[in-house]
Amino acid sequence: MDCLFCKIIAGEIPSKKIYEDELCYAFYDIEPQAPVHFLVIPKEHISGANKISEENCGTIGHMFAVIAKVAKELGCGNDFRVVTNCGPMAGQAVAHLHFHVLAGRNLSWPPG
Ligand code: AMP
Ligand code: ZN
């Protein structure tokens with residue numbers, strides 16, 4: 001499958017890994033939008049948040065536990081944002097589910 005993030009998981013494209021286990025992979029975003037900006041992706045190819053289901057939601061819950069753990073380890077304290085863009089109108093550029101985790105600056109709301 002021609003998927004950028006599947007290739008990152010497979011090690012075919014380099015990435016700055018932060019954390020990995022049997023279900024998910026966390027790495028720094030190549031174009032950071034905040035002092036801390038990393039992505040958490042499932043190892044299973046799920047194309048976006050619209051494909052989260054009863055079958056795969058255990059992995060999603062696990063990913064949120066990983067997000068909390070990694071955010072703490074990176075010194076984000078209790079201040080960080082988790083975002084996922086789904087579909088072109090929301091700005092999804094890579095069709096493999098990913099949670100952006102942003103921290104280290106004041107983040108405006110609502111987003112643009
Ligand atoms: P989205 O626009 O929500 O689909 O987010 C895709 C994210 O992937 C963007 O923030 C990109 O900067 C990031 N990205 C694209 N290619 C890479 C890569 N090779 N390594 C790390 N992050 C990447
Ligand atoms: Zn993929």
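Being a predicted model, the structure only gives us computed values, none of them experimental. Atoms considered below: every heavy atom in the structure, side chains included; atoms not considered: hydrogens, waters and symmetry mates. For ligands, and for the atoms within them, numbers begin at 1 and follow the listed sequence.
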Which residue and non-hydrogen atom of the protein lie closest to [atom], and at what distance in Å?
atom                    : value
atom 1 (P) of ligand 1  : H98 NE2, 3.1 Å
atom 16 (N) of ligand 1 : L4 CD2, 3.4 Å
atom 9 (C) of ligand 1  : D29 OD2, 3.4 Å

Hey, is [X] one of the residues with a heavy atom under 4.0 angstrom from ligand 1?
X   : result
T84 : no
K16 : no
G91 : yes

Within the structure, does [X] bring an N/O atom to less than 3.5 angstrom of an N/O atom in ligand 1?
X   : answer
A93 : yes
H37 : no
F5  : no

Assign the ring pair H96 / H45 to parallel, tilted or perpendicular, where the plane angle (0 to 90°) is split at 30° and 60°.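 The rings of H96 and H45 stand perpendicular, inter-plane angle above 60°.
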F27 ring centre to K16 NZ or CZ under 6.0 Å, with the angle to the axis within 45°?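 Geometry flag: not set, cation outside 6.0 Å or 45°.
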Validation row: [X], [Y] side chains within 4.5 angstrom (heavy atoms):
X    : Y   : result
V70  : V40 : no
H100 : R81 : no
F99  : L39 : no
Y25  : P42 : no
I60  : L97 : yes
E44  : N56 : yes
F38  : P32 : no

Taking non-hydrogen atoms only, is Q33 closer than 4.0 angstrom to ligand 1 via side chain, backbone, both or neither?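 Neither; no heavy atom under 4.0 Å.
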Taking the six-membered ring for Trp, is the centroid-to-centroid distance between H37 and Y28 below 6.0 Å?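 Centroid distance H37-Y28: not below 6.0 Å, so no.
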Give a rough value, rounded to 10 degrees, for the angle at the Zn ion (ligand 2) between atoms ND1 of H96 and SG of C6.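 If I round to 10°, I get 110°.
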Any idea which atoms of ligand 1 are less than 4.0 Å away from a heavy-atom of [X]?
X    : result
H100 : 1 (P), 3 (O), 5 (O), 7 (C), 10 (O)
E31  : 12 (O)
Y28  : 21 (C)
Q92  : 4 (O)

Can you tell which of V94, I13, I30 gets a heavy atom nearest to atom 22 (N) of ligand 1?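 Among V94, I13, I30, the closest heavy atom to atom 22 (N) of ligand 1 belongs to I30.
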Whether the H62 and D21 side chains hold a donor-acceptor pair (N or O, under 3.5 Å, no angle test) is what I'd like checked.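 Yes - a donor-acceptor pair under 3.5 Å links their side chains.
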Please name the atom of H45, limited to N, O or S, that comes nearest to the Zn ion (ligand 2).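 Sorting the N, O and S atoms of H45 by distance to the Zn ion (ligand 2) puts ND1 first.
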